[in-house]
There are 2 protein chains.
Amino acid sequence: MNVSRPGVLPQGADSLARYRSLLEPALREAVGALHPWGARMAAFTLGWSDVDGSPRQGGVGKGVRPALVMLSAEAVGGSAESALPGAVAVELVHAFSLAHDDIIDRDELRRHRAALWKAYGVGPALLTGDALLALAVGQLAGRPEAMPYLSAALMELVQGQTADMAFENRPWRGPGEVTVDEYAEMAAGKTGGLLGAAAAAGVALGGAPELAGRMWDMGRDLGVAFQIADDILGIWGDPRLTGKPVHSDLRREKKTLPVLAALAGGGPAARELSDLLVSGVDGEESVRHAAHLVEAAGGRAGAEDLAQRYVTAALGVLDECLPDAADLRALCGSLVHRAS
Amino acid sequence: MNVSRPGVLPQGADSLARYRSLLEPALREAVGALHPWGARMAAFTLGWSDVDGSPRQGGVGKGVRPALVMLSAEAVGGSAESALPGAVAVELVHAFSLAHDDIIDRDELRRHRAALWKAYGVGPALLTGDALLALAVGQLAGRPEAMPYLSAALMELVQGQTADMAFENRPWRGPGEVTVDEYAEMAAGKTGGLLGAAAAAGVALGGAPELAGRMWDMGRDLGVAFQIADDILGIWGDPRLTGKPVHSDLRREKKTLPVLAALAGGGPAARELSDLLVSGVDGEESVRHAAHLVEAAGGRAGAEDLAQRYVTAALGVLDECLPDAADLRALCGSLVHRAS
């Protein structure tokens with residue numbers, strides 16, 4: 001399996017362009033309601049401007065989440081426009097979570113640029129994250145068919161992020177080691193909740209609230225796959241695409257799925273990896289060797305298999321609920337796709 | 001006017017005890033849904049436990065906001081219990097805002113104890129704040145008669161906090177100086193939004209959603225008065241009650257209403273105060289002298305008058321909409337009450 005950057009459709013990114021062009025004016029209108037200083041920081045973190053406020057080409061990421069909302073609405077016969085409040089809301093929650101995550105993880109770079117807190121300070125960045133979240137909630141506050149899914153996603157997001165943070169204090173082996181199942185639960189929360197909310201809010205706003213529960217489950221499965229794909233990129237991804245140094249998650253000794261799957265496999269490479277992790281990964285050579293051991297112990301293949309299983313489960317739900325939704329299926333399938 | 005700690009009823013705090021005893025189990029149940037680590041930090045910040053997790057007497061503050069929700073519900077013939085989700089939500093949003101504000105302002109103490117970030121670190125405290133907010137939203141996500149007010153309060157809260165932060169970079173005099181009107185707008189957002197949401201959600205959940213808009217306005221006026229009372233305490237409050245050093249807001253050169261009202265008054269004391277603030281308040285003697293000048297220039301009396309005008313406006317709305325709601329009126333009036 002060849003894992004692309006999550007969110008790039010196999011046939012190129014253009015199939016999302018229509019949804020991005022619907023999203024952007026609505027997103028700009030929402031952000032325009034902020035205090036001018038807050039709006040400036042929000043525009044920076046959304047990629048619309050530089051630190052000094054001057055406009056910038058580019059902007060918001062691939063827009064996978066809002067596209068998922070609008071495609072889901074269209075799949076049940078609604079219009080993409082009818083689902084715009086949901087699309088804006090999930091994109092804002094995503095931006096909120098990145099702003100806060102970078103503070104929590106002390107990540108100085110985001111999408112090849114300064115992280116929000118690095119550009120404006122921790123306090124202002126924290127407050128901007130809160131503002132983005134407040135705007136998101138405002139989009140759906142009067143829509144009881146969709147709001148509970150956004151709310152559930154928020155809850156899952158913080159629970160998953162807390163679990164991920166708690167993993168850092170747990171041992172690599174022995175009692176208290178992190179299991180693959182615990183990892184999947186964390187990923188379903190941290191990454192799956194918002195994808196679940198996107199799909200559920202999309203069908204609910206599109207006119208089929210009775211499908212929202214199934215779509216929530218579908219999105220959560222998709223999220224586990226998405227997170228695993230991100231973990232694979234965090235170790236073997238091309239720095240030019242990821243914007244992070246190669247092997248960055250190994251340098252930070254993060255408990256990611258490839259490493260946990262490698263350790264769970266047993267065998268000589270797994271034992272050597274375990275010893276290395278317990279003694280501490282330190283220096284370029286050590287990091288490279290750890291990456292080699294993760295692969296030799298079957299961690300990469302195991303991660304790819306598990307991601308594929310979650311995607312298959314998600315697509316199975318789609319095929320059952322919305323058998324004619326080819327574009328939606330293509331988007332979901334593309335999150336972790338086989339190139340060969 | 002003799003300003004007490006906001007939230008203490010003139011006839012003693014016991015009149016809120018009934019509402020606190022209704023609130024606490026519901027609040028504990030909500031917090032119990034968090035990841036154990038998050039629940040522990042939430043319990044600390046709500047005053048239920050010490051840093052190490054051991055139980056502690058005391059707990060949540062006076063509970064003015066949840067009492068306002070429940071009293072508003074009762075005032076329209078609903079039960080206090082019917083409004084519990086709203087009461088829990090506003091208390092959680094309040095706790096969220098304190099956790100984040102202390103990070104933003106680098107305040108190390110809160111209610112005579114370590115601030116959450118000081119006890120557990122910035123990242124965990126930030127995330128706990130997010131978790132409290134997520135729980136709050138979850139309380140009302142399926143209640144479209146109340147959720148829009150909570151959402152509006154969130155928005156006002158971040159806008160007011162941003163304005164307050166932006167005040168710090170503005171001059172004490174000349175073009176760009178902060179006016180009393182700008183201050184009132186900031187306070188209406190930062191403090192009034194949540195009181196507005198409390199009153200509005202209370203009547204909406206109690207069965208009179210048609211009154212919610214007026215109650216929102218009432219609560220916002222009340223919030224301005226509440227904030228001014230807090231500002232007065234921030235300069236002249238008893239450290240044993242406020243938990244902060246005397247004159248603390250003057251030491252930090254905060255643009256609070258008493259100071260702005262003093263400067264706006266003109267006259268010799270105002271001019272001397274202005275010179276002192278521009279050159280910088282530094283040292284015990286200078287702080288004491290600044291406090292004296294604020295009072296001599298009429299800043300304290302002006303602040304008390306303005307607070308009273310906002311309370312009077314708020315009570316006027318109450319008298320018009322809910323003329324028989326004596327307990328609700330007593331609570332609202334007590335936020336800034338005349339002791340003489």
Side-chain angles (χ1 to χ4, degrees), chain A residues 33-39 41 93 96-97 99-106 117 121-166 169 186 189 193, chain B residues 33-39 41 93 96-97 99-106 117 121-166 169 186 189 193:
Chain A
L34 292 179
H35 183 286
W37 189 32
M41 291 189 278
V93 170
F96 142 79
S97 76
H100 281 192
D101 283 0
D102 286 345
I103 298 173
I104 292 169
D105 298 337
R106 296 194 187 82
W117 69 270
V122 168
L126 188 168
L127 190 55
T128 302
D130 290 345
L132 295 169
L133 179 53
L135 284 175
V137 170
Q139 293 290 316
L140 297 177
R143 305 295 294 265
E145 73 279 32
M147 186 65 217
Y149 295 100
L150 190 73
S151 169
L154 259 181
M155 201 63 219
E156 298 265 329
L157 199 61
V158 294
Q159 301 278 63
Q161 178 70 15
T162 309
D164 199 19
M165 216 191 230
N169 302 317
M186 177 281 290
Chain B
L34 293 178
H35 183 286
W37 190 31
M41 291 189 277
V93 170
F96 142 80
S97 76
H100 280 192
D101 283 359
D102 285 345
I103 297 174
I104 292 169
D105 299 337
R106 294 195 187 83
W117 70 270
V122 167
L126 189 169
L127 190 55
T128 303
D130 290 345
L132 295 168
L133 179 54
L135 284 174
V137 170
Q139 293 289 315
L140 296 178
R143 305 295 295 265
E145 74 277 33
M147 185 66 217
Y149 295 100
L150 190 74
S151 169
L154 259 181
M155 201 61 220
E156 297 265 329
L157 200 60
V158 295
Q159 301 278 63
Q161 179 70 17
T162 309
D164 199 19
M165 216 190 232
N169 302 318
M186 177 281 291

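Every chain is numbered from 1 and lettered A, B, ... according to where its sequence line falls, protein lines coming before strand lines. These values consider heavy atoms only, across backbone and side chains, with no hydrogens, waters or symmetry-generated copies.
- Looking only at side-chain heavy atoms (C-beta outward), V137(B) and M155(A) stay at 4.5 Å or farther from each other.
- Interface residue A33(A): only backbone heavy atoms are found under 4.5 Å from chain B.
- Within the 4.5 Å cutoff, no side-chain heavy atoms of T162(A) are placed close to those of L34(B).
- The two residues S151(B) and A141(A) have their closest heavy-atom pair at CB-CB, 3.6 Å.
- The minimum heavy-atom distance linking M165(B) with P124(A) is given by the pair CE-N, 3.9 Å.
- Neither the backbone nor the side chain of P36(A) has a heavy atom closer than 4.5 Å to any heavy atom of chain B.
- Of the atoms belonging to L150(B), not a single heavy atom falls under 4.5 Å from chain A.
- Atoms CD1 and CD1, from I103(A) and I103(B) in turn, are 8.0 Å apart once rounded to the nearest 0.5 Å.
- Proximity to chain B is absent for every atom of L140(A), based on heavy atoms less than 4.5 angstrom apart.
- How far CG of L127(B) is from CG of D164(A): 10.0 Å, rounded to the nearest 0.5 Å.
- Note that the CG atom of L157(A) and the CG atom of D130(B) stand 8.5 Å from one another [nearest 0.5 Å].
- Using a 4.5 Å cut-off on side-chain heavy atoms (C-beta onward), T128(B) and V158(A) make no contact.
- Note that NE2 of H100(A) and NE2 of H100(B) are 5.5 Å apart. Values are rounded to the nearest 0.5 Å.
- Listed options A152(B), G189(B), G38(B), A163(B) were ranked by heavy-atom pairs under 4.5 angstrom with chain A; first place goes to A163(B).
- Neither the backbone nor the side chain of Y149(B) comes within contact range of chain A; no heavy atom of the residue lies under 4.5 Å from a heavy atom of that chain.
- With a 4.5 Å cut-off on non-hydrogen atoms, L126(B) touches chain A through its side chain but not through its backbone.
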